[in-house]
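Just so you know, these numbers come straight off a predicted model, no measurement behind them. Note on naming: letters A, B, ... go to the chains in the order of the sequence lines (proteins, then strands), and numbering restarts at 1 for each one.
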2 protein chains.
Amino acid sequence: MQGLLQSSRGRFLAVASEFELSPPQVLALKALDPERPVPMSELACALHCDNSNVTGIVDRLEDRGLVERRGAPHDRRVKMLAVTQAGTEVRERLLERLRDAPPALAALSPEDQRALCDIMRRALGRE
Amino acid sequence: MQGLLQSSRGRFLAVASEFELSPPQVLALKALDPERPVPMSELACALHCDNSNVTGIVDRLEDRGLVERRGAPHDRRVKMLAVTQAGTEVRERLLERLRDAPPALAALSPEDQRALCDIMRRALGRE
DNA sequence: TATTGTTATACTCTATAACTATA
DNA sequence: TATAGTTATAGAGTATAACAATA
């Protein structure tokens, strides 16, 4: 299990540098929803970090044109984060690369792979 | 699969802060071997970062008395990293906490857990 | 000449605390 | 008074390039 997590870290870092994004930027883009803007605070929660950190991370994603701050109608204090068209495209390619099976798992027999998927589905109640 | 990795990140960060270590410090302590000192460059490789970063990370682990730099007999350029007695104790407790099964997996049936372990063992050729 | 580890530099992430504007 | 997001600050991680000692 530990070994799998370790190898996943390497793949994650490789994909991040492939897209010229920092690790937190990748996590942010992954956590955001192109179909439903979310408040900054929700992203902070997803990234396990303070609100104040999200300001900078979003600043840089916004500079790259991948994300957009919008006002919230119901509460003028909150800013909603929307994924732009360009951001959605990058995000799609990013998720695709991250979804690629780790080499260790890809090498398993088809039966093992199917069994693994079934177990994971039960563990996570659908991903 | 992605969901599992995501939850693992949260647990990892929680354990790191529990031990008052930064994430890279945890990875370093985890990668080092109390029974076999390794060169700085090997740690850099394990952490997927440049040699120059390891200097600072090891500095701080050394300040806390968890790790020790030693000269290498065969090549006076290299420095070997040894885990101190205190470091070994912290490392043991750390690994124990990290080994705790993720809640999602702990909730699986005993049969699923056994099957999962078998598959993982085949995937990683023994962890 | 090439390599190991360090130093210098610049940028990003991180937490904390103080601040602004809302509520 | 409390909350969402920003700004200020300080410490840590990161890559790059330049450097010392050694090979």
* Lys/Arg N to Asp/Glu carboxylate O, B/Arg70 vs B/Glu68, below 4.0 Å -> yes
* Asked: Quick one: do B/Arg121 and B/Asp118 make a salt bridge, cutoff under 4.0 Å?
  -> yes
For residues [X] and [Y], determine if any side-chain heavy atom of one lies less than 4.5 Å from a side-chain heavy atom of the other.
X	Y	value
A/Val26	A/Val15	no
A/Ser8	A/Arg11	yes
A/Asn53	A/Asp50	yes
B/Asp59	B/Arg69	yes
A/Glu18	A/Arg97	yes

* To do: Provide the start and end nucleotides, 5' to 3', of the part of DNA chain D that has atoms under 4.0 Å from heavy atoms of chain A.
  => D/dA2 to D/dT7
* To do: Could you go through the side chain to side chain contact (heavy atoms under 4.5 Å, CB included) check for A/Leu116 and A/Gln113 one step at a time?
  => CA-CA 5 Å; A/Leu116 181 58; A/Gln113 288 192 36; 5.6 Å; no
* Is there a residue in residues 45-62 of chain B whose heavy atoms reach under 4.0 Å of DNA chain C, and which residues are they? -> B/Asn51, B/Ser52, B/Thr55
Return a table of donor-acceptor pairs under 3.5 angstrom between the side chains of residues 32-49 of chain B and protein atoms on other chains or two or more places apart.
from    : atom 1 : to      : atom 2 : distance (Å)
B/Asp33 : OD1    : B/Glu35 : N      : 2.8
B/Arg36 : NH2    : B/Glu42 : OE2    : 3.4

* Structure fact -> Here the residues of residues 68-82 of chain B within 4.0 Å heavy-atom distance, strictly under, of DNA chain D are B/Asp75, B/Arg76, B/Arg77
* Structure fact -> Residues of residues 13-37 of chain A with a heavy atom under 4.0 Å from any atom of DNA chain D, listed by number, are none
* Taking side chain to side chain contact (heavy atoms under 4.5 Å, CB included) as the test, write out the residues that go with B/Arg64, two or more places apart. => B/Glu20, B/Leu21, B/Leu66
* To do: For side chain to side chain contact (heavy atoms under 4.5 Å, CB included), just list the numbers for A/Gln25 and A/Phe19, CA-CA rounded to whole Å, side-chain angles, deciding distance to a tenth of an Å, and then say yes or no.
  => CA-CA 10 Å; A/Gln25 283 167 6; A/Phe19 285 81; over 6 Å; no
* Going from CG on B/Leu98 to CZ on B/Arg93, what distance comes out if it is rounded to the nearest 0.5 angstrom? -> 12.0 Å
